[in-house]
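Shown next, in structure tokens, is the structure this report addresses.
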Number of protein chains: 2
Amino acid sequence: MNDHRPYARALDRLKGVGLRPTRQRLALARLLFDAGDRHVTAEQLHAEAVAADMRVSLATVYNTLHQFTAVGLLREVVVESGRAYFDTNTSDHHHFYHIDQGRLEDIHHSRINVAALPEPPAGTAVDRVDVIIRLKNGEI
Amino acid sequence: MNDHRPYARALDRLKGVGLRPTRQRLALARLLFDAGDRHVTAEQLHAEAVAADMRVSLATVYNTLHQFTAVGLLREVVVESGRAYFDTNTSDHHHFYHIDQGRLEDIHHSRINVAALPEPPAGTAVDRVDVIIRLKNGEI
DNA sequence: GTGATTGCAAATCTTTTGCACTAAA
DNA sequence: TTTAGTGCAAAAGATTTGCAATCAC
């Protein structure tokens, strides 16, 4: 078990999705998943890793984020052209986006009611529904 | 009036928002607004302009799209990191995004009912609510 | 004329890729 | 071993910027 130990948790998580647990992936998994729900960019995560004395290249951070996304450990959220955010919360939910801070905040799906979704056009199926509430500073 | 003539319409539109009606802005305005609701990228619009023998540089297309957005003639829609779409429909509405085709399609706001929007966090105000329904090909 | 606008090319920013090196199984 | 994974530096793609030339008023 050892589910309470960060290293073991990261190891189990990687094994669970069939990704070889390399030093870099374990390090990034710990940064990503040991601190609750997070929304990070590749640059941010790389900076954190460097600050924590983990030697990982930016290219590997990009690769890892995409691999984690492909196996369902992460979800990519698009709110700004030219920058990709990765969300450790992969359950059904939506987002506040703080424009001035470039920061995302989860909205539990029970707090939004998207009723009466239109039918997808013929020949297509819904892949995902994203609701993004963009926020600016100051009350109105 | 002359509202039925493309040139006059484009001219009036630019005057209406206080942008100097240069040859390039008039040309782009006609491409954008004379064909109903459109969703274009800068590259696409530039290609169209070149195909129509309008001499406009890509840099000017980018500038113009942003100026038009700033004055409310266009709306920027973000669905893919790394590519910005501009929408000629500036009224309250949402989008289907055809993943495989990289194409946006409007959803009239009356066809979606986003009820029970959560309160914006203290100190912030809602700037805009975007609903994006991502579609893949094939029924389920 | 005079200040706004344009075009070009260079710069910037994020992300991807090729390939020799390293590490996990 | 053998194959997957990593790092680096270079490439790619989208967008922006600096500045001299050009245009609208």
Side-chain angles (χ1 to χ4, degrees), chain A residues 7-8 10-31 39-50 53-71 73-74 76-86 102 104, chain B residues 7-8 10-31 39-50 53-71 73-74 76-86 102 104:
Chain A
Y7 177 83
L11 189 62
D12 289 348
R13 201 174 315 245
L14 292 179
K15 282 185 177 167
V17 295
L19 282 177
R20 187 182 284 192
T22 64
R23 177 173 60 75
Q24 290 84 343
R25 285 183 184 152
L26 286 166
L28 295 176
R30 293 173 61 173
L31 287 179
H39 304 90
V40 298
T41 65
E43 285 285 359
Q44 281 167 13
L45 186 60
H46 181 246
E48 274 182 44
V50 167
D53 270 317
M54 299 164 168
R55 264 160 301 98
V56 194
S57 73
L58 182 57
T60 295
V61 172
Y62 273 104
N63 287 338
T64 302
L65 288 172
H66 285 133
Q67 289 154 354
F68 283 10
T69 301
V71 298
L73 249 31
L74 293 176
E76 191 175 345
V77 184
V78 181
V79 280
E80 248 181 55
S81 65
R83 173 161 309 164
Y85 287 83
F86 294 86
L104 281 165
Chain B
Y7 177 82
L11 189 62
D12 288 348
R13 204 177 310 250
L14 292 180
K15 283 185 177 169
V17 296
L19 282 177
R20 186 181 285 193
T22 65
R23 179 173 58 74
Q24 290 85 342
R25 296 212 272 233
L26 285 165
L28 295 176
R30 293 174 61 171
L31 288 179
H39 304 90
V40 300
T41 65
E43 286 283 358
Q44 281 167 13
L45 186 62
H46 181 246
E48 272 182 46
V50 168
D53 270 319
M54 299 164 167
R55 265 160 302 98
V56 194
S57 73
L58 182 55
T60 295
V61 172
Y62 273 105
N63 287 338
T64 302
L65 287 172
H66 285 133
Q67 289 156 353
F68 283 10
T69 301
V71 298
L73 250 30
L74 292 175
E76 190 175 347
V77 184
V78 181
V79 279
E80 250 181 53
S81 65
R83 174 161 308 166
Y85 288 83
F86 293 85
L104 280 165

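Numbers restart at 1 for each chain; the letters A, B, ... are given by sequence-line order, proteins then strands. Here the structure is a predicted model, which means the values were calculated and not measured.
- The CE atom of B:Met54 lies 6.0 Å from the CZ atom of B:Arg30; values are rounded to the nearest 0.5 Å.
- Rounded to an integer number of Å, the gap from A:Glu80 CD to C:dC13 P is 14 Å.
- Note on A:His66: every side-chain N or O is 4.0 Å or more away from OP1 and OP2 of C:dT15.
- Rounded to whole angstrom, the span from the CG atom of B:Leu14 across to the P atom of C:dT5 amounts to 11 Å.
- Distance B:Lys15 NZ to C:dA4 P: 19 Å, rounded to the nearest Å.
- Rounded to the nearest 0.5 angstrom, B:Phe86 CZ and B:Glu76 CD are separated by 4.5 Å.
- Paired with A:Val61 under the rule side-chain contact (heavy atoms from CB on, under 4.5 Å), one option of A:Val56, A:Val50, A:Thr41 passes, and it is A:Val56.
- For B:Arg25 and D:dC23, the CZ to C1' distance is 11 Å, given to the nearest whole Å.
- Projected onto DNA chain D by closest heavy-atom contact, B:Arg23 and B:Tyr85 fall at different nucleotides, the more 5' of which corresponds to B:Tyr85.
- Applying the 4.0 Å criterion to OP1 and OP2 of D:dA4, one finds that A:Arg20 has every side-chain N and O outside that range.
- The nearest heavy atom of DNA chain C to B:Gln67 and to B:Ser81 marks one nucleotide each, and the one closer to the 5' end goes with B:Gln67.
- Remark: P of D:dA14 and CG of B:Leu45 are 15 Å apart, rounded to the nearest angstrom.
- One can place CG of B:Leu26 at 11 Å from C1' of D:dA24, the figure rounded to the nearest angstrom.
- Distances shown here put a side-chain N or O of B:Thr22 below 4.0 Å from the OP1 or OP2 atom of C:dT6.
- B:Gln24 has a side-chain polar atom (N or O) that falls below the 4.0 Å cut-off from OP1 or OP2 of C:dG7.
- The side-chain contact (heavy atoms from CB on, under 4.5 Å) check on A:Gln67 picks up A:Leu19, A:Arg25, A:Asn63, A:Thr64, with sequence neighbours excluded.
- Taking atom CZ of B:Arg83 as the reference point, atom C1' of C:dT14 lies 14 Å away to the nearest angstrom.
- Among A:Leu58, A:Leu65, A:Thr60, the single residue meeting the side-chain contact (heavy atoms from CB on, under 4.5 Å) criterion with A:Tyr62 is A:Leu58.
- Taken residue by residue, residues 54-65 of chain A places heavy atoms nearer than 4.0 Å to DNA chain D at A:Arg55, A:Val56, A:Ser57, A:Ala59, A:Thr60.
- When rounded to the nearest whole Å, the span between NE2 of B:His46 and C1' of D:dG13 equals 16 Å.
- For the atom pair CD of A:Glu80 and CG of A:Leu104, the computed distance is 9.0 Å after rounding to the nearest 0.5 Å.
- Here the straight-line distance linking atom CG of A:Leu28 with atom CZ of A:Phe68 works out to 6.5 Å at 0.5 Å rounding.
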